[in-house]
Amino acid sequence: MRLVVVSNRVTIPDRHEKATAGGLAVALREALEKHGGLWFGWSGVVGAARQVREMQRGNVTYAVTDLSEAERESYYLGFSNRALWPIMHYRLGLTEFQRDDYMGYLGVNRRFARELSAMLRPDDVIWIHDYHLIPLAAELRRRGVTNRIGYFHHIPWPSADTLTALPFSATLVRTLAAYDLVGMQTAPDVRNLVDCLVTMCGAVSDGRRVRLGVRETAVQAFPIGIDVEAFRRLASASVRQAATPLRATRESLGERKLVIGVDRLDYSKGIVQRLEAFGQFLRSHPDERGRVGLLQIAPPSRSAVPEYAELDRMSDEVAGRLNAQLGEFDWTPIRVVKKAYSRTALAGFYRRAQVGLVTPMRDGMNLVAKEYVAAQNPADPGVLVLSRFAGAAQQLSEALIVNPYDTHEVAEAIRTALAMPKSERIRRFELLYGAIENSGIHWWTQRYLDALTGSRAPDEAAELPPKAKAPPKRGSRKTDPAGPERGEGTGRAPGGARKRSAASDDGSHLTLVR
Ligand code: F6P
């Protein structure tokens, strides 16, 4: 078998890239290297040249194509990011539908299908990612492709009531029947999608398999994870090396505590609401003023979409107002930094922060939550405050779970996190670490591919992950060379209690027959 991965953007690895590439990109590359493979998608370039360019790296072929300006406008900025993105994140008020955009979206999917089908071999297994490419399998089938094709939806899937507001949504949802396997992040996403297929398209389903016409599609939850061990090592290394941004943060913070948020500058991430919640925390607890700061790292994203430009302006305005109202001559409560940092630097920031504030208004999974946990010093871990509307909340129930729409609740969770006794922080950390280690990125890739290739039945493939190994010993030099930099002592061996991950969330209790 050869693996073919298709995603909206494709980044061709260069020599230095290993340190900066995210866990998903690295895991997919590893899967491609293992099976020999092809990665196809947009080069990220907008230009006139539209032929496919192929590059070989080891036994992986990267095949990329540029978009024309009109395609970027309609397919990427328009239908994908002004219609699908907001509606999938339950933001009907921000959803803007234009027929021309939808036509452009279908056109790019048709073109990708034409270009990709010319490169396919009979033994290829095709794995398509993300909402930009929902109709790609249907277009490939139309061209006679009979290979196994899977889709993974990285973002939330809303209820049928919400999705029907989008014109042509039933036609779009129906195209999912061209896949053999559709993977979702969580069980609620599976339920919503199955319900959409049943109520909007007339499919028949038992909750796990959906029959539409002659095709049968498996729909299953595969909660995505991170490479926990690799990220933990990055965090330890960043402390040892005292990487520059981290050293500078230490110097500028002194003894002050740090609350951290890291997100693309996207309205789904709840950045403005989070800044307001931090302001509320400082107003409700004046004793904390001058003792703690919020660092929000927010690299700009999709800035050609007006809603993102507006968020850029609003976040500056809110941070400026709160700093002016609450700051002192020698203390700035909130720092918003709109640039990207290396993964090593991020791991170091997470480890330095006493609180990880991950409060999206809605999120498919949210890997920052998992990275924050992985980066902690087991001897003196920080506390994760997590939105109940992030897919990660299904697995990370030992975080302080909050409703991001409730500013006071988030403010009180920050207070609780900062005041939490060490024993309680360690207890929660060990359970959280067990959960993320139990369902890491390699487990995810393998389970998905097993289900897609049929080497395991889909239901079985999403069974409980293997029993977790113990998290690294607190302060042990072998496993955590940085040692207990925030705490004292080397700590006892971690307790054996392990929480089973919600990776078993497979929607199995749902029976829908129509
Ligand atoms: O899953 C959401 C997603 O589309 C990712 O695939 C992507 O890495 C991220 O959002 C950023 O999006 P964009 O490619 O639009 O910058």
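Counting starts at 1 for both ligands and their atoms, in listed order.
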Next item on the list: Among residues two or more places apart or on two chains, list those pairs meeting salt bridge (Lys or Arg N to Asp or Glu O under 4.0 Å) that have a residue in residues 77-100.
Entry: R82-E96, R82-E307
Next item on the list: Taking the six-membered ring of W85 (Phe, Tyr or Trp), confirm whether the NZ or CZ of R302 is under 6.0 Å from its centre and within 45° of its axis.
Entry: yes
Next item on the list: Scan for side chain to side chain donor-acceptor pair (under 3.5 Å) pairs involving residues 132-141, sequence neighbours excluded, and state none if there are none.
Entry: E139-R142, R141-D180
Under a 3.5 Å threshold, I'd like every N/O contact between ligand 1 and protein atoms, with atom names and distance.
unit_1   : atom_1 : unit_2 : atom_2 : d
ligand 1 : 1 (O)  : D130   : OD1    : 3.4
ligand 1 : 1 (O)  : D130   : OD2    : 3.4
ligand 1 : 4 (O)  : D130   : OD2    : 3.2
ligand 1 : 6 (O)  : D130   : OD2    : 2.4
ligand 1 : 10 (O) : R302   : NH2    : 3.1
ligand 1 : 12 (O) : R302   : NH2    : 2.9
ligand 1 : 14 (O) : R9     : NE     : 2.7
ligand 1 : 15 (O) : Y76    : OH     : 2.5
ligand 1 : 15 (O) : R302   : NE     : 2.8
ligand 1 : 15 (O) : R302   : NH2    : 3.2

Margin query: Please enumerate all residues that pass side-chain hydrogen bond (donor to acceptor under 3.5 Å, both in side chains) together with T217, with sequence neighbours excluded.
Written below: none
Note to self: Parallel, tilted or perpendicular: which one describes the rings of F79 and Y102, with boundaries at 30° and 60°?
What the structure shows: tilted
Notebook entry, point to check: Under 6.0 Å between ring centres, would you say that holds for Y75 and W42?
Noted result: no
